[in-house]
Each structure stands twice: as C-alpha cells, then as structure tokens.
Amino acid sequence: MKSWKSVAAVGVATLALGLSACGTGGKATETGRAANAAAGGAKRDLSYAVVIHGNPDGSFWNVVKKGAEDAAAQYGVNVSITGDVEGSKQATLLQAALAKNPNGVVVSLANPDALGSALGEAKSKNVPIVTINSGAEVAAKLGALEHVGQTETAAGTGAGQKLAEAGGKKGLCIIHEAGNIGLEQRCEGAAKAFGGQIEKLQVDLNNPQGIQATVKSKLLGDKSFDSILALEPSVATAALAGMKDAGSAAKLGTFDISSDVLNAVKAGDILFTVDQQQYLQGYLPIAFLVLNHDNANTVGGGQPVLTGPAFITKDNVDTVTDLVSKGTR
C-alpha cells in the first residue's frame, strides 16, 4: 500500500500538469513548471518560518515538524521551525523569523494576545500567515489566510460524549498550560456534552510527579469522581499513575499520541485518545503557502481546515501504532 506521502507527491505532480494544461497563458505554465520542479526535488528560493507554542522536538510537535519538513522537501522550499511554550517568547521568535523576510509564516495561536503585535508586523510586511493548532476563532481577525487544525470545542464535545457513554457522572478536566484558550475550549466542550459535573484541575506540565500527586489527592478526597479527561499524553500518563495510587476505577480519556498512551489504550487503562493528526498541521500549511505563492490559491473559505478530531480506541490502536513508528502520527 502506498504511503500517503507518495500519494501526496502524485497529487502535486497532477496539479502541476493540470495547471500547465489549462490554457496557453504564461502564468499557468510557469506554475506548472514550478510545481513539477518541486515534485522532482529541485530547490526553490522560497523560505517559510514555522513558529509554535512548544518544543519542536517534543512528542507532539515533532510530528508537526516532520510534516513541515516533508512538505518542504517535496516542494523544494526552505523551512525553519522554532517554538516556545510562553507566549511572549513565541512572539520574540516570530519577530526574529520576520527579520529574515520569509515568504510566509506558520504560527500556532495558543496565546493570540501575546502574538498580536508580531502578527501585525507580518501583515504590514505583506507576509502571508497560516495559523495552526489553536486559535481557529481568531485566526482570520489576526490576518491569517487559513487555519489548519481541529476545532477544540468540537473535539472536547466528542471526548465528553465518550466519557458520558462510559457511564460518567462526575469528572475532572486537567489543564496543563495556563492561558491556553484551546485547552479551555476542550474542557468547555467536554462539560457541555458530558451531562454531569466536570471540574477543571490546573497542573504544571513540567512536573509529572506533581500531576500524579495532585490527581491522587483529588481522587482520595472525593471518591465520586468517575471520569478524568487529560489534554496531553504526558499528563495522561501522570494522571493514570495517580489514579492507580488512589485505587480509582475512574475512566480516563486524553488527547494526542505517545507510546505510553497507545500502550495504555491497548491495555484498557485509557478509554480513548483524541487524535488531531498533527502531521497535517505541519504539512498542509507549507503546501498552502506554496500554492498561494504560485497560484494565488486560498483554502477553507474563511472556515478552518480540520485535521480532527479522530478517536483512537482498542479497535484501531494497532493500525495507528504502526504509523506512529513511521513518525507520521
């Protein structure tokens, strides 16, 4: 079976041929030649900066990074990838990227207030912007051509429904980054769909032992909690340890993928994980920016281009595990 990267390569070549065959005008022919050259591996003088709210080599973001790098190789362009979880530092990285006059930028919007000035600078320089992952609701207002990701409220709604279907009546939603609007939206969506009571629990992502202890204490203090929703794989792993310490039989759901999470899904310790297919959040923005440069294309019509949610359960975990080993899930 062909990998989807191979299918994508065929798609680029097909698009290129289609554009060059659509008429005798010079623009279409030039666009087709550029795309064909990219599909053949020729290097182009185009550079794009990806600036995210996290570590590019972290367990989630390294898949985004791979998507962007694969697109860069396929289209023959240059891509730089930087990131920091703190909004002010992310803004500084974006400003540094803009100083190099890129042909476009890809930005995650977990903290849009902190990035407003830097994005305004991009707009003033006529640098195309594609946003990813968080901030779909404000992306267009901040000047983005497109937003690529999952709608966090809808993803949270799906997670809340699954916990409710498992019999949940009282739950915890664990938030690991203060001020991250995407995480807040996940909890709000889950609360609306859950039907019972969901309480938010703030933890520190960088302190897994603290998360484990906090969850243990919470469950020992109130044994009526029967559902827990983590929003990140390492948080889910720490929460699961806390649940076991407390002797809790609560159902645990989470977001995103790690080997620990997949193994826990296989073992039945985690009910599900929500997969936003983040490889696409790296790959598609580079493709969209190249097509915008070459052919003035825009995608989405003002609506986000959705990469999820998809749910990984015992039914499909083996298939996804194989893809994770290849770095694309």
Side-chain angles (χ1 to χ4, degrees), residues 50-65 81-94 106-116 118-119 131-139 142 147-157 159-160 171-191 198-215 218 228-242 252-258 260-261 273-276 278 281-282 307-309:
V50 180
V51 185
I52 58 174
H53 67 281
N55 176 4
D57 294 317
S59 61
F60 175 87
W61 291 106
N62 65 352
V63 181
V64 178
K65 178 181 176 181
I81 304 167
T82 58
D84 198 288
V85 69
E86 293 186 24
S88 60
K89 292 181 179 179
Q90 185 189 6
T92 299
L93 290 172
L94 178 54
V106 179
V107 184
S108 61
L109 282 182
N111 195 332
D113 290 341
L115 295 173
L119 290 171
T131 57
I132 62 171
N133 187 261
S134 299
E137 295 80 4
V138 297
L142 291 175
H147 179 86
V148 180
Q150 69 180 7
T151 302
E152 302 293 11
T153 301
T157 298
L172 290 172
C173 188
I174 305 175
I175 295 180
H176 59 267
E177 288 178 12
N180 185 325
I181 62 171
L183 301 184
E184 294 286 346
Q185 289 166 348
R186 289 178 183 180
C187 285
E188 290 165 5
I198 284 193
E199 179 182 326
K200 294 178 184 177
L201 181 65
Q202 185 73 54
V203 299
D204 180 358
L205 176 63
N206 298 310
N207 185 4
Q209 290 183 333
I211 297 171
Q212 179 177 341
T214 299
V215 171
K218 197 75 175 176
I228 297 177
L229 182 61
L231 306 179
E232 194 270 351
S234 64
V235 174
T237 301
L240 180 58
L252 174 62
T254 189
F255 280 67
D256 305 322
I257 296 171
S258 72
D260 287 339
V261 165
T273 188
V274 181
D275 181 20
Q276 58 181 293
Q278 70 267 31
Q281 295 177 21
T307 63

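Excluded from the calculations below are hydrogen atoms, water molecules and symmetry mates; all remaining heavy atoms, backbone and side chain alike, are included. This is a predicted model, so every value here is computed, not measured.
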Salt bridge (charged side-chain N to carboxylate O under 4.0 Å, His left out) partners for Glu152, two or more places apart: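 Scan of Glu152 (salt bridge (charged side-chain N to carboxylate O under 4.0 Å, His left out), adjacent residues dropped) gives Arg186.
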For the [atom1] atom of [X] and the [atom2] atom of [Y], what is their distance to the nearest 0.5 Å?
X	Y	atom1	atom2	answer
Asp113	Leu142	CG	CG	8.5 Å
Ile181	Asn111	CD1	CG	8.0 Å
Phe60	Ile257	CZ	CD1	9.5 Å
Leu94	Ile52	CG	CD1	12.5 Å
Thr82	Leu93	OG1	CG	4.5 Å

I need the minimum non-hydrogen distance between [X] and [Y], along with the two atoms involved.
X	Y	result
Gln90	Asp84	CB-O, 3.8 Å
His147	Ser134	CE1-O, 3.2 Å
Pro56	Lys65	O-CD, 3.6 Å
Thr131	Ala139	OG1-CB, 3.1 Å
Ala91	Ala114	CB-O, 3.4 Å
Ala239	Val215	O-CG1, 3.8 Å

Donor-acceptor contact below 3.5 Å, side chain Thr273 vs main chain Asp256: yes
Test side-chain hydrogen bond (donor to acceptor under 3.5 Å, both in side chains) applied to [X] - qualifying residues, sequence neighbours left out:
X	value
Glu199	Lys218
Ser258	none
Asn62	none
Asn133	Gln276, Gln281

Derivation and outcome, side-chain contact (heavy atoms from CB on, under 4.5 Å), residues His176 and Ile211: CA-CA 9 Å; His176 59 267; Ile211 297 171; 5.7 Å; no
If you define the side chain from C-beta out and look only at heavy atoms, does anything of [X] sit under 4.5 Å from [Y]?
X	Y	result
Cys187	Leu231	yes
Leu205	Ser234	yes
Asn180	Ile175	no
Val274	Gln150	yes
Thr254	Val235	no

Steps toward side-chain contact (heavy atoms from CB on, under 4.5 Å) verdict (Gln278, Thr307): CA-CA 7 Å; Gln278 70 267 31; Thr307 63; over 6 Å; no
Working for side-chain contact (heavy atoms from CB on, under 4.5 Å), residues Ile228 and Ile174: CA-CA 8 Å; Ile228 297 177; Ile174 305 175; 3.7 Å; yes
Partner of Ile132 by side chain to side chain contact (heavy atoms under 4.5 Å, CB included), out of Val64, Val107, Leu109: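 That would be Val64; it is the only one of Val64, Val107, Leu109 passing the side chain to side chain contact (heavy atoms under 4.5 Å, CB included) with Ile132.
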Sequence neighbours excluded - side-chain hydrogen bond (donor to acceptor under 3.5 Å, both in side chains) pairs with any residue from residues 206-215: Gln212-Asp245
Over 12 foreign heavy atoms within 6.0 Å of NZ, Lys200: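 Yes, NZ of Lys200 has more than 12 neighbouring heavy atoms, counting only those of other groups under 6.0 Å.
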Stepwise side-chain contact (heavy atoms from CB on, under 4.5 Å) test for Glu232 and Glu177: CA-CA 10 Å; Glu232 194 270 351; Glu177 288 178 12; over 6 Å; no
